Visitor: 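Attaching a single structure in structure tokens format; questions to follow.
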Amino acid sequence: MTSPEATSCVLDSVEEVPPTHGTADAGIPTGRTRPRWELPALAALLLGTAALYLWNLAESGWANAFYSAAAQAGSTSWSAFLYAASDAAASITVDKPPMSIWVMALSVRAFGLSSWSILVPQALMGVATVGALYAGVRRRHAAGTALLAGSVMALTPVAALMFRFNNPDALLVLLLTAAALAVLRAVEDGRTRWMLAAGALVGAAFLTKQLQAFLVLPGFALAYLLAAPVGLARRLRDGVLAVVAMVLTGGWWVALVELVPAADRPWIGGSQTNSFLELTFGYNGLGRITGDETGSVGGGRWGSTGLGRLFGSEIGGQIAWLMPAALVLGLVALWLVRHAPRTDGHRAELLVWGGWLVVTGLTFSLMAGIFHAYYAVALAPAVAVLVAVGGEASWARRRTPWVSGALATTVLGSAIWAVVLLDRSPGWLPWLRPVVLALGALGAGAVALATVERFRRLAPLAAVVSVAAMLAGPTAYSLQTVSTAHTGSLPTAGPAVIGGLGGFGPRAAGARAGGPPGAQGNRPRAGRPGGATGTGFPGLPAGPGNTTSTFPSFGGFARGGAGGLLNASEPSSEVTALLEQDARDYTWVAAAVGSQSAAGYQLATQDSVMPIGGFNGSDPSPTLEEFQALVSSRKIHWFIAGGGLGPQRGGSDQAAAIESWVTSTFASRTVDGVTMYDLTSPV
């Protein structure tokens, strides 16, 4: 997405300004008239990103039906909208804050329920993130550098995945990127309003994915306290005001939930005590660090922790292509401005993005609780900026031998590392590995030669070939990602890899989440718009009636269209028609254990389906007594067997008790492999 002309302009524009010390920019060109090619190149970047993220989008159907069902519910009920309830009757919320659900629900209200109305907002968030990075980098750097940062962001495989998927991560990344840019504006002029904006944006990010939003705060605080062009007292005051803005923006909804009587709102999904604070500091908070998440599944089966986690088979292809380069180039750039004044904006920029990368990366590497590969999208903006900005700073000082050596080594090392990542999918594009290695060797050699005056004309070639070598691998991964449907709860980017975990156990080629249509375990299936492929735990055998592996329900593997822990149910037309009969006479047309199982039926009928026990089936919502009372008052028509799990890691066993009572009290019937109980007709 970055043209050779734009890439080489990074070098030309930097060379026009000799390196200096003791200035706010430390040799980085600013305030220059925009070159004629800049706006067309920016348009190409944004349009190319939009095309990449929108291509084949509907093939993913409902993507994560858990969140799609909540969006559907919010589009028909303002109460469900406010609380991000899984169903319009508002029995239970999703296990996250509501902001990402609000965006999708408003889209569904405006355009109707479809895969496009669910997923297009995520793609537009991706385009906005790329544009924001470009704008932020361009304030202090050459146009080519800003374009390179945007291109690296757009072509990061996990970004190409998550900006086409409806998990909260897309909105989280956009909000945190905007917050980082606000902090840097505050560093420029010292205006309090920018710190207030940064705090408000982080607060909104908290309402998107809770405590993960706070991982960027150390870098933000360090940069502002060190570099803002105001006195220390003012810096401290602005920091406090930013925290106040963050608390108000993120806390009003928390206060609302905690103050409204429990009987007047839905159960807080993911909690055992119907408390959002418990969800924040327990299941979605400290439990993710310690591994002690009450009611969760996994029990330490989320991959090995340690500093190598993000570079391993499961995560490496998602984000790690340019992480070593980002770290090296970021450190080189930071060293080059070591003598700059306190208020140096370039150093502050490196602290913001470097702090983001280091703190978030270490947290992901060492956390013992639930961890999914797609979380790595939170690292993409920091990697993109550090590669572009660090590369520009290194090139500006390339006549310093150790700097040119570091730059050439980074180019060659990135190519070698890309070959290692590509080699984990030995049957996929085998020709790409020697091409990347050759480009890396050629680029590193050209970088080394271009530092010599007589070979200065090699500079454009060095830039183009080096960028090509570093982006070829992630670009290929991203193209494979957008050409493949992804559904379920554990999407991953790129082709199948050897030694990946896929959540539980080894990942088998051809049976991975989002593998190519037609591969083993990934046949197109009915019940989702676009005929999306299924997603499950690749390490487990497929259950009866399922084309992908699914997690077992109480009585074994989910059967028929009942779905599983990670897969949404896929009701046939006969099952859907049965549920829709007399639907207006009931608050819930059906109940099913686990949110994913309930979600598919709800999306098919667009009527409320109660997800007993929340996502895992381990929340005490409803209790057996509450469920019996609802059945007695004819609020629920059908109970659909299968789906979910029993009590997990100290979670509730109410779902199992409900299923046991239903199966012993009501007669069953099987429709297209789905076992259903009519709760209005006891045995």
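In this text the structure is predicted, and so the values were computed from the model without any measurement.
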Visitor: Ignoring hydrogens and angles, tell me if any N or O in the side chain of Q210 forms a donor-acceptor pair with the backbone of G285 under 3.5 Å.
Guide: no

Visitor: What pairs of donor and acceptor atoms, side-chain ones from residues 161-183 against any protein atom, are under 3.5 angstrom apart with sequence neighbours left out?
Guide:
unit_1: R164; atom_1: NH1; unit_2: L52; atom_2: O; d: 3.4
unit_1: R164; atom_1: NH1; unit_2: Y53; atom_2: O; d: 2.9
unit_1: R164; atom_1: NH1; unit_2: W55; atom_2: O; d: 2.5
unit_1: R164; atom_1: NH2; unit_2: W55; atom_2: O; d: 2.9
unit_1: R164; atom_1: NH2; unit_2: V482; atom_2: O; d: 3.1
unit_1: N166; atom_1: OD1; unit_2: N64; atom_2: N; d: 2.9
unit_1: N166; atom_1: ND2; unit_2: N64; atom_2: O; d: 3.0
unit_1: N166; atom_1: ND2; unit_2: S68; atom_2: OG; d: 2.9
unit_1: N167; atom_1: OD1; unit_2: N64; atom_2: ND2; d: 3.0
unit_1: N167; atom_1: ND2; unit_2: Y374; atom_2: OH; d: 3.2
unit_1: D169; atom_1: OD2; unit_2: K209; atom_2: NZ; d: 2.7
unit_1: T177; atom_1: OG1; unit_2: V173; atom_2: O; d: 2.8

Visitor: Is there side-chain contact between L256 and L82, with at least one heavy-atom pair below 4.5 Å?
Guide: yes

Visitor: Do L350 and L386 have side chains that approach each other closer than 4.5 Å (heavy atoms only, starting at C-beta)?
Guide: yes

Visitor: Enter the distance from L310:CG to S365:OG here, rounded to the nearest 0.5 Å.
Guide: 3.5 Å

Visitor: Just how far is it from atom CG of L155 to atom CG of L471, taken to the nearest 0.5 Å?
Guide: 6.0 Å

Visitor: For A320 and L421, work out which heavy atoms get closest and say how close.
Guide: C-CD1, 4.4 Å

Visitor: On a heavy-atom basis, which atom in A227 and which in A348 lie closest, and how many Å separate them?
Guide: CB-CB, 3.7 Å

Visitor: Between R288 and A368, is there a donor-acceptor pair closer than 3.5 Å when you use the side chain of the first and the backbone of the second?
Guide: no

Visitor: Please check if the number of heavy atoms outside L232 that lie under 6.0 Å from its CG is greater than 12.
Guide: yes

Visitor: Closest approach of E278 and N274, non-hydrogen atoms and distance?
Guide: OE1-N, 4.3 Å

Visitor: Between A380 and T156, what is the shortest heavy-atom contact and its length?
Guide: CB-CG2, 4.1 Å

Visitor: Would a distance-only check, ignoring hydrogens and angles, find a side-chain to backbone donor-acceptor pair under 3.5 Å from E392 to A142?
Guide: yes

Visitor: With side chains defined as the heavy atoms from C-beta onward, is the minimum distance between L366 and I289 less than 4.5 Å?
Guide: no

Visitor: Does any part of the side chain of L46, heavy atoms only, come nearer than 4.5 Å to the side chain of V130, both counted from C-beta?
Guide: yes

Visitor: Does a side-chain heavy-atom distance below 4.5 Å link L379 with F364?
Guide: yes

Visitor: Start with the C-alpha distance between V257 and I268, add both sets of side-chain angles, then the distance that settles side chain to side chain contact (heavy atoms under 4.5 Å, CB included), and finish with yes or no.
Guide: CA-CA 9 Å; V257 170; I268 302 302; 3.5 Å; yes

Visitor: For R36, I'd like to know if atom CZ has over 12 heavy atoms of other residues, nucleotides or ligands within 6.0 Å.
Guide: no

Visitor: Is there a side chain to side chain contact (heavy atoms under 4.5 Å, CB included) between V447 and S466 once you walk through the steps?
Guide: CA-CA 8 Å; V447 167; S466 297; 3.6 Å; yes

Visitor: Hey, does the side chain of R398 reach the backbone of V403 with a donor-acceptor pair shorter than 3.5 angstrom?
Guide: no

Visitor: Applying side chain to side chain donor-acceptor pair (under 3.5 Å), run through R265 and T93 and close with a yes or a no.
Guide: CA-CA 9 Å; R265 60 165 173 79; T93 71; over 6 Å; no

Visitor: Are any of the side-chain heavy atoms of L42 and R138 separated by less than 4.5 Å?
Guide: no

Visitor: Would a distance-only check, ignoring hydrogens and angles, find a side-chain to backbone donor-acceptor pair under 3.5 Å from T305 to M367?
Guide: no

Visitor: Test side chain to side chain contact (heavy atoms under 4.5 Å, CB included) on S275 and E258; report intermediate values, then the result.
Guide: CA-CA 7 Å; S275 168; E258 293 299 315; 3.6 Å; yes

Visitor: How many angstroms lie between atom CG of L147 and atom CG of L45, to the nearest 0.5 angstrom?
Guide: 6.0 Å

Visitor: What closest approach, in Å, do A415 and G440 show between heavy atoms, and which atom pair accounts for it?
Guide: CB-CA, 3.6 Å

Visitor: Nearest 0.5 Å, what's the CG-CD1 distance between L106 and I101?
Guide: 11.5 Å

Visitor: Would you list the atom pairs, donor with acceptor, under 3.5 Å between side chains in residues 321-336 and any protein atom, with sequence neighbours excluded?
Guide:
unit_1: W321; atom_1: NE1; unit_2: G317; atom_2: O; d: 2.8

Visitor: Has the side chain of E349 got a donor or acceptor atom that lies under 3.5 Å from a matching backbone atom of L184?
Guide: no

Visitor: Does a side-chain heavy-atom distance below 4.5 Å link W353 with P381?
Guide: yes

Visitor: What is the ring orientation for W78 with F81, classed by angle as parallel under 30°, tilted 30 to 60°, or perpendicular over 60°?
Guide: perpendicular

Visitor: How far apart are the C-alpha atoms of I370 and Y375, what are their side-chain angles, what is the distance that settles it, and do they pass the side chain to side chain contact (heavy atoms under 4.5 Å, CB included) test?
Guide: CA-CA 10 Å; I370 295 174; Y375 290 0; 4.0 Å; yes

Visitor: Under a 3.5 Å threshold, yes or no: a donor from one side chain and an acceptor from the other, between R140 and T145?
Guide: no

Visitor: Output the distance between atom OH (Y83) and atom CZ (F276), rounded to the nearest 0.5 Å.
Guide: 13.0 Å

Visitor: Using a 3.5 Å distance criterion without hydrogens, assess whether the side chain of R347 forms a donor-acceptor pair with backbone atoms of P341.
Guide: yes

Visitor: Is the backbone of G391 close enough, under 3.5 Å, to the side chain of S394 for a donor and an acceptor to pair up by distance?
Guide: no

Visitor: Can you tell me how far the CG atom of L207 sits from the NZ atom of K96, to the nearest 0.5 Å?
Guide: 14.0 Å

Visitor: Any sub-3.5 Å donor-acceptor pair from T208's side-chain atoms to A204's backbone N or O?
Guide: yes

Visitor: What is the minimum heavy-atom distance between Y134 and A143, and which atoms define it?
Guide: CE1-O, 4.3 Å

Visitor: Within the structure provided, determine whether R139 and E188 are in side-chain contact (heavy-atom separation under 4.5 Å).
Guide: yes

